[in-house]
There are 2 protein chains.
Amino acid sequence: MTFKKNHPTESELEILQVLWELGPSSVRRVNEVLNTKRAVGYTTSLKIMQIMTEKGLVTRDTNSRTHIYQAAVQENETQSSLLDSFISKTYRGCAKSLVLQALGKEKTSPEELAEIKALIAKMEENND
Amino acid sequence: MTFKKNHPTESELEILQVLWELGPSSVRRVNEVLNTKRAVGYTTSLKIMQIMTEKGLVTRDTNSRTHIYQAAVQENETQSSLLDSFISKTYRGCAKSLVLQALGKEKTSPEELAEIKALIAKMEENND
DNA sequence: AGATTAATACGAATGTTATCGTATTTTAAG
DNA sequence: CTTAAAATACGATAACATTCGTATTAATCT
């Protein structure tokens with residue numbers, strides 16, 4: 001229930017995703033992973049990660065020379081917070097529209113549909 | 001299958017939403033609506049709408065002195081395009097995660113749940 | 001026509017993000 | 001201890017986005 005308005009920027013989110021996946025990592029390691037997708041200079045990644053430290057999006061261990069960074073925000077919560085904002089801006093707060101559009105968009109596998117149906121069933125239970 | 005990468009910015013989206021709601025409108029009218037939510041200068045709205053014209057997000061009729069603007073992109077398609085990008089960036093392309101999180105987020109009314117279930121049923125049909 | 005009103009056009013200031021080059025510091029090797 | 005290598009710190013630049021002030025143009029009223 002914390003009110004975090006600390007939305008990461010696009011580049012920051014990319015870095016968070018690497019940290020969520022790898023766990024605590026050095027700048028070099030993060031930068032290497034980013035470079036599997038597109039070219040990014042080492043100092044660019046470094047700079048962004050330093051800014052993220054100031055913002056509190058990551059923490060770092062500066063004991064050894066090579067600083068080790070670690071995500072300070074959870075993936076779920078970050079996604080959820082970004083989603084709120086996205087629904088509000090793009091769908092005027094109507095989550096249903098978003099869900100319908102997302103479902104209609106691409107082929108969702110039967111397993112995934114089942115999972116979604118299960119969640120809906122659970123919600124309907126609680127509604128009674 | 002058009003290749004639209006023309007994502008409106010946040011301010012542009014706000015203006016599009018007004019135009020989608022009101023239909024073709026003058027800058028003054030749009031600005032008035034924007035000001036029901038927050039303070040925006042007239043020339044600010046004007047400027048953004050001029051930029052949007054250059055980008056092709058809106059068209060305008062300049063026959064009368066008061067130019068009449070109109071959305072040149074559809075609400076559905078704009079939302080869909082923004083949604084693609086959002087899923088890709090925030091959920092690494094996994095639409096299911098987004099749907100589950102959106103559903104779990106708030107109380108969705110029984111009617112809405114029914115609607116979603118109907119869509120799922122339809123999709124399951126097509127999967128066979 | 002002249003003055004007033006209302007619109008558009010233009011340009012500048014501000015803020016944010018992304019990017020990288022260079023300087024500095026720190027560690028390790030010789 | 002000196003030097004080379006590797007890391008961090010810092011500052012500068014460029015691209016947008018947002019905002020608004022001022023200038024200009026066009027219509028209306030007396």
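In what follows, every chain begins at residue 1, and chains take the letters A, B, ... in the order their sequences are listed.
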Please report the distance, rounded to the nearest Å, between [atom1] in [X] and [atom2] in [N].
X: A:Leu13; N: C:dA18; atom1: CG; atom2: C1'; result: 15 Å
X: A:Glu10; N: D:dC16; atom1: CD; atom2: C1'; result: 13 Å
X: B:Leu34; N: D:dT18; atom1: CG; atom2: P; result: 12 Å

Side chain to side chain contact (heavy atoms under 4.5 Å, CB included) between B:Met52 and B:Val73, intermediate numbers included:
CA-CA 11 Å; B:Met52 291 170 79; B:Val73 293; over 6 Å; no

Can you establish whether the number of heavy atoms outside B:Lys117 located under 6.0 Å from its atom NZ is more than 12?
no

With the side chain of A:Val40 defined as its heavy atoms from C-beta on, choose the nearest nucleotide among C:dT17, C:dC20, C:dA9.
C:dC20

Side chain to side chain donor-acceptor pair (under 3.5 Å): which pairs involve residues 18-29 of chain B, sequence neighbours left out?
A:Arg92-B:Glu21

Mind jotting down which residue pairs meet the side chain to side chain donor-acceptor pair (under 3.5 Å) criterion with at least one end in residues 43-54 of chain B? Sequence neighbours excluded, please.
B:Asn31-B:Ser45

Looking only at side-chain N and O atoms, does [X] come under 4.0 Å of OP1 or OP2 in [N]?
X: A:Thr44; N: C:dC20; value: yes
X: B:Ser11; N: D:dA17; value: no
X: A:Arg28; N: D:dA7; value: yes

Does [X] reach a base, just sugar-phosphate, or nothing at all? Heavy atoms under 4.0 Å.
X: A:Thr9; value: sugar-phosphate
X: B:Glu12; value: nothing
X: B:Arg38; value: sugar-phosphate

Parallel, tilted or perpendicular for A:Phe86 and B:Phe86, by the 30°/60° rule?
parallel

Stepwise side chain to side chain contact (heavy atoms under 4.5 Å, CB included) check, B:Ile116 with B:Val99
CA-CA 11 Å; B:Ile116 293 165; B:Val99 169; over 6 Å; no

Contact check, residues 46-71 of chain A vs DNA chain C, heavy-atom distance under 4.0 Å, returns A:Lys47, A:Arg65

